[in-house]
**Student:** 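Shown below is the structure under consideration.
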Amino acid sequence: MTTEQHELAKAYRPADFEAATYERWLAADVFAPDGAGSRADASKPPFVVIQPPPNITGALHLGHALTSTIEDVMIRHARMRGHPTLWLPGLDHASIAAQYVLDQIIAKEGESRESLGRERYLERMWQFINATREVMLGQQRRIGASLDWGRLRFTMDEGSARAVRVAFTRLYDEGLAYRSEALINWCPGCRTSVSDLEVIPTEESGTLWTIRYHLIDEATGESSQTEWISVATTRPETILGDTAVAVPPDDDRYKALVGRLARIPFVERNVPIVADDVVDPAFGTGAVKVTPAHDKTDYEIGQRHGLAMITVLADDATINEQGDGYVGLDRYEARDRIVRDLDARGDLEATKPHPMLIGRCQRSNDVIEPRLKTQWFVRVAPLAALSLEATRSGRTTIVPSRFEKVWEHWLTSIHDWNVSRQLWWGHRIPAWYCPDGHVTVSAEAGGPSACGTCGRPAGELVQDPDIFDTWFSSGLWPFSTLGWPDETEDLRRYYPGSVMETGYDIIFFWVARMMMLGIHLAENIPFRTVYLHGLVKDPYGKRMSKTKGNVVDPLHAIDESGADALRFALVHGTSPGNDQKFRTEKLDDGRNFANKLWNATRFVLGARPSWIPADAARVAPDVSHLGPAERWIRSRTAAAIQAVDKGLAELQLAEVTRTLYDAIWSEYCDWGLELAKVRLADANVPAAAREATWWTLVESLDTYLRLLHPVMPFVTEELWAAIPHAAQDPDLLIVADWPAPGARDLAAEADVDAIIELVRAIRNARAEAGIVAASWLPVEVAVPARFGFAFEALAPAIARLTRARPLTIHANHAALQTAAPTGLAVIAGDFEARVMTAASGPSDGDRARLEKELAEAEGFLAAARARLANEGFTSKAPAAVVEGARAREAELAETVGRLKARLAG
RNA sequence: GGGCGGUUAGCUCAGUUGGUUAGAGCACAUGCUUGACAUGCAUGAGGCCACUGGUUCGAGUCCAGUACCGCCCACCA
């Protein structure tokens, strides 16, 4: 195989290659599990990630970028491990959200839903989404998402449409979907019903009015002027629909009134006084007006007591013909008028401010009105039970597990799902009504040929004008995208999915619905793992929103810092289920890291021993020529592989970036390259050894690029193309093999770590003493026998890093003291050194540093001794811990002794 | 009203099953154009781990409670 010699630019400029790199992946056809460039091992189980299809309403935000990145990390990792991977792209038609956006757009053009009419409105919608579609898909490509574009799906395409029809028909036939009049949440702004989940309880200051309902005199049948019952309400306009007054069952104040009648003002209706447990005697007057058609609790009271249910609001939240005297008034105008009129009648007893929760529409923010409507519902209890069984049995696990509690609670107290919406953009409910009122539900694309009950021809049937809740089609996503209801090869192979990844904010909207519908309709759980990420918040912990103006545009971030930097920033800050605060400085960290890696690679390429050809194929370093530094590098790389594997297995992705950032920057670059640099340039080192050093650098770099690829795919692909490859390597890193775990070399790690500590200590002494950084000074070091070999091997590098000239080695401390009675004293672990300054004896600054070190060491020593003096510790702590404490004590005592000796001398 | 999460350096966050001296990045201070990298290098300063009590030889870590912040759920009109 020929290695494509890729010239590396001097500076890291992501904009110069990211787009081209993505094109190379596309051209190689590596995203699809069965693509031409796939190196998947068909015998391995497929790895399927289910992506929440973003709403086709416009631009993607940071939350989308986070989702795409996390999923791409999972997919790329699985792909490199040789699994056939499926990550299916898609878009959601987002019926209510899309209509809301489009309504605002056409409003600016002076149009409205009504002025356009259904057909033209829908044409306009297609026009709109055709424009946003490419923009949104382009954004996903820019972030590097390796989605299988050949399988792109849209929730309004025919595949989804058919799945919706079949799913609903099946539910209907099984009695799990039904049409009924019930109290639903009505949004006057959107002119549609919405589900309970779409109602946002909002803390607001309202008013609590206490009003009088006069009792009916049992003798005369007339409204009494002396007897009344006082009720408290926050919504006086609903008086018009009152059909009872409810009191607590055993309340002495009201016992005698139960069974009597009260007169509702304005509409002059006589209603019963009933006793009901739900009434709290401590709230308000202890008596409550009952409006069954406009309040959830009242509705239940109404059902229990067989009360009339009178709807007084029209679809636009004005008072309808039931509200005698107030017809046509807006609900709030009617409220004001009614309060005034009550006051005028002398029936307004009290007015006081009242903090309360008001339900607002998630989309339009309009105040939701509960009201009676005939709607389609899905009976979810049996489906919820199946979903609970799936998580309880562990067939599906939720990460993080604390969300299982939330899941349990919601699914055990779930209400039937109102699936019909009085909107236009969406899947039409496949129900037809004949003039006799028969209902025919049909999965046929063209509708039923005749009424299923009486046989009237199709021409006489009228289809339900309503459409489905967006989440109904989203709920079918894991299987509708694989060809369901047909028993396709894809469905067999890729269902259930491996991981369903999304934000915790749509656990009920989407995750629970997929689970319920998947288990029932596709007859298996839709996914084995639910991974929930947190929300991306602004630097102050507030939700990002356009109205707040605190949004960070992912594309802008990519323009500024590169897609890899954005991905790094997002992954670095994420942990399962937890929100992250995002500040743009985080992008700098990612970009700087990529830049560091870029330059490290340039260094390694430039440090190639001249006799190795530039296009040489990769060879493993000759182990017989490895020095301590090389062994250390390899061992640290092996440690990184372990840590990264662990992080990925546990879905602790921030652990992965942390590990790699430290390993690459603080270990490989700061010490690995610095130590190797000297050896590579040292003419005294045999060629074979220098060769081994270089191949070690290449080998570790190669491993780090592979490990980092899932998180930072662009820069790693670009850099990988420039380094030597092994014969079995593919052309592209994206399909290269994931690194195999290697063995640690703890002896080498211990040696080099100790030497690093010495180098740091010498630098510190020099800096504290104010020695000019560039000056070279003689350094004398006492090297304990056990470090002898490693120290000698690394001596040239140590000399360079400490600016020691010459660097003289002594066999023991006594020899050092004799040879170098003066100079800056450096005591680091078992090493002791002297930096020979011109001055003789410890200077004041030197003395201060040593005294500080002594005080510190003495403090630790005292603590160690106290611990060991504690009989409880020595008898109860594990032997290894006690042993460690003893060793620690000895070491500290040694250090203290040497510091004291130095200060005395 | 019920439940969940958070509280560790100025800021953003790590901290494995309790065990030597609590870490990182950014910001800060000082000094460096050291032939990969100033998007950098070196060195340093900076923490009563929210509070109270308990368990333990030993607590940032486990338990109970408190405070504050955030979120979810819920039929006080």
Side-chain angles (χ1 to χ4, degrees), chain A residues 10-12 201 208 231-235 238 246 278-280 282-285 287-291 295-301 354 356-357 400 402-403 405-406 409-410 413 504-505 507-508 534-535 537 539 541-542 561 565 572-573 575 577-583 585-586 588-589 591-607 646 652 654-655 658 661-662 666 669-670 673-674 677 681 760 763-768 770-774 800-801 803 856-857 859-860 863-864 867 870-878 880-882 884-885 887-889 891-892:
Chain A
K10 189 165 188 310
Y12 167 63
L208 187 66
V231 297
T233 182
T234 54
R235 294 191 298 159
T238 62
V278 85
V279 185
D280 176 3
F283 187 88
T285 62
V288 57
K289 61 190 272 311
V290 183
T291 324
D295 183 274
K296 211 173 167 202
T297 311
D298 293 6
Y299 178 73
E300 284 159 18
I301 296 174
H354 182 64
M356 56 190 290
L357 286 178
R402 67 184 143 88
F403 281 97
K405 217 167 181 173
V406 185
H409 179 254
W410 193 73
S413 53
Y504 65 72
D505 53 331
I507 184 169
F508 306 136
L535 274 33
K537 305 259 187 93
K542 301 282 178 221
S561 312
H572 201 55
S575 62
N578 294 323
D579 296 347
Q580 61 172 312
K581 291 178 195 164
F582 190 91
R583 49 183 62 236
E585 288 86 342
K586 286 184 178 179
D588 296 339
D589 297 348
R591 187 205 48 192
N592 294 351
F593 183 41
N595 179 65
K596 185 74 181 176
L597 190 60
W598 185 275
N599 283 298
T601 305
R602 288 206 312 131
F603 168 73
V604 171
L605 292 175
K646 184 166 178 283
Q652 295 285 353
E655 207 56 48
R658 243 189 310 281
Y661 189 93
D662 285 350
S666 309
C669 290
D670 285 354
L673 295 187
E674 292 305 325
K677 211 176 249 183
R760 285 209 168 108
R763 284 169 166 175
N764 166 245
R766 285 175 53 114
E768 297 278 314
I771 291 169
V772 177
R800 179 187 142 107
L801 295 174
R803 291 189 100 71
E856 200 177 56
F860 294 143
R867 188 174 304 110
N870 184 341
E871 200 273 328
F873 174 71
T874 48
S875 63
K876 291 187 182 174
V881 173
V882 177
R888 173 79 186 139
E889 185 209 13
E891 195 185 315
L892 283 164

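Sequence lines set the chain letters: A, B, ... in the order given, protein chains first and strands last, and positions in each chain run from 1. Just so you know, these numbers come straight off a predicted model, no measurement behind them.
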**Student:** Could you please spell out the steps behind the side-chain contact (heavy atoms from CB on, under 4.5 Å) verdict for A:K289 and A:D298?
**Tutor:** CA-CA 8 Å; A:K289 61 190 272 311; A:D298 293 6; 5.5 Å; no

**Student:** For the side chain of A:N595, starting at C-beta, report the closest nucleotide among B:rU43, B:rG25, B:rU39.
**Tutor:** B:rU39

**Student:** Just how far, in rounded Å, is C1' of B:rA59 from CZ of A:F873?
**Tutor:** 14 Å

**Student:** Spell out protein contact along nucleotides 70-77 of chain B as letters: B when the base is contacted, S when just the sugar-phosphate is, - when no protein heavy atom is under 4.0 Å; keep the 5' to 3' order.
**Tutor:** ---SBBBB

**Student:** Atom CD1 of A:I507 and atom C1' of B:rC4: how far apart are they, to the nearest Å?
**Tutor:** 12 Å

**Student:** Rounding to a whole Å, what distance do you find between A:Y12:OH and B:rG40:P?
**Tutor:** 13 Å

**Student:** Below 3.5 Å is the cut-off: list the nitrogen or oxygen pairs between protein and nucleotides 44-50 of chain B, distance only.
**Tutor:**
residue, atom, partner, partner atom, Å
B:rG44, OP1, A:N764, ND2, 3.1
B:rA45, OP1, A:K852, NZ, 3.0

**Student:** Measure CZ/A:F403 against P/B:rC4 and give the value in whole Å, please.
**Tutor:** 12 Å

**Student:** So which heavy atom on A:G577 is nearest to which on A:R402, and how close?
**Tutor:** O-NH2, 3.5 Å

**Student:** Tell me every residue that passes salt bridge (charged side-chain N to carboxylate O under 4.0 Å, His left out) with A:K537, counting only those two or more places apart in sequence or in another chain.
**Tutor:** A:D579

**Student:** In whole angstroms, how far is the C1' atom of B:rU39 from the CG atom of A:L597?
**Tutor:** 13 Å

**Student:** Do you know which two heavy atoms are closest between A:G534 and A:Y504, and how far apart they sit?
**Tutor:** CA-CE2, 3.6 Å

**Student:** NA contact type, A:K581, heavy-atom cut-off 4.0 Å: base, sugar-phosphate, or nothing?
**Tutor:** sugar-phosphate

**Student:** How would you label the contact of A:A877 with the nucleic acid (heavy atoms, under 4.0 Å): base, sugar-phosphate, or nothing?
**Tutor:** base

**Student:** Could you pull out the closest heavy-atom pair between A:T285 and A:V231, with the gap in Å?
**Tutor:** OG1-CA, 3.6 Å

**Student:** So, is the end of the A:K596 side chain (NZ or CZ) under 6.0 Å from the ring centre of A:Y661 and within 45° of the ring's axis?
**Tutor:** no

**Student:** When you match A:T874 and A:R867 each to their closest nucleotide on RNA chain B, which lands nearer the 5' end?
**Tutor:** A:R867

**Student:** Looking at A:R658, I'd like to know whether one of its side-chain N or O atoms comes within less than 4.0 Å of OP1 or OP2 on B:rA24.
**Tutor:** no

**Student:** Does A:R591 form a side-chain contact (heavy atoms from CB on, under 4.5 Å) with A:D588? I'd like the steps, not just the answer.
**Tutor:** CA-CA 5 Å; A:R591 187 205 48 192; A:D588 296 339; 3.9 Å; yes

**Student:** Let me know the distance between CG of A:N578 and P of B:rU12, rounded to the nearest Å.
**Tutor:** 15 Å

**Student:** Testing the basics here: between A:L673 and A:A600, what is the closest heavy-atom pair and its distance to 0.1 Å?
**Tutor:** CD1-CB, 3.9 Å

**Student:** What one-letter contact string describes nucleotides 29-36 of chain B from 5' to 3', where B marks a base within less than 4.0 Å of any protein heavy atom, S marks contact via sugar-phosphate atoms alone, and - marks no contact?
**Tutor:** -------B

**Student:** Check A:T297, A:T238, A:I301 against A:T291 for a side chain to side chain contact (heavy atoms under 4.5 Å, CB included) and give me the one that passes.
**Tutor:** A:T238

**Student:** Find the runs of at least 3 consecutive base pairs, i with j, i+1 with j-1 and so on, that include RNA chain B, using Watson-Crick or G-U wobble geometry with both distances under 3.5 Å.
**Tutor:** B:1-7 with B:67-73, B:10-13 with B:23-26, B:28-32 with B:40-44, B:50-54 with B:62-66

**Student:** Give the rounded distance in Å between these two atoms: CG of A:L605 and P of B:rC37.
**Tutor:** 14 Å

**Student:** Any luck finding a side-chain donor-acceptor pair between A:N599 and A:R602 under 3.5 Å?
**Tutor:** yes

**Student:** Return the nearest nucleotide to the side chain of A:R583; candidates are B:rG25, B:rC11, B:rU39.
**Tutor:** B:rC11

**Student:** Atom CD of A:E889 and atom C1' of B:rG19: how far apart are they, to the nearest Å?
**Tutor:** 16 Å

**Student:** Restricting to side chain to side chain donor-acceptor pair (under 3.5 Å), what partner residues turn up for A:E856, sequence neighbours left out?
**Tutor:** none

**Student:** More 5' along RNA chain B: A:N870 or A:K405, using each one's nearest nucleotide?
**Tutor:** A:K405

**Student:** Would you sort out whether A:Q580 and A:K586 count as a side-chain contact (heavy atoms from CB on, under 4.5 Å), showing the intermediate values?
**Tutor:** CA-CA 11 Å; A:Q580 61 172 312; A:K586 286 184 178 179; 4.2 Å; yes

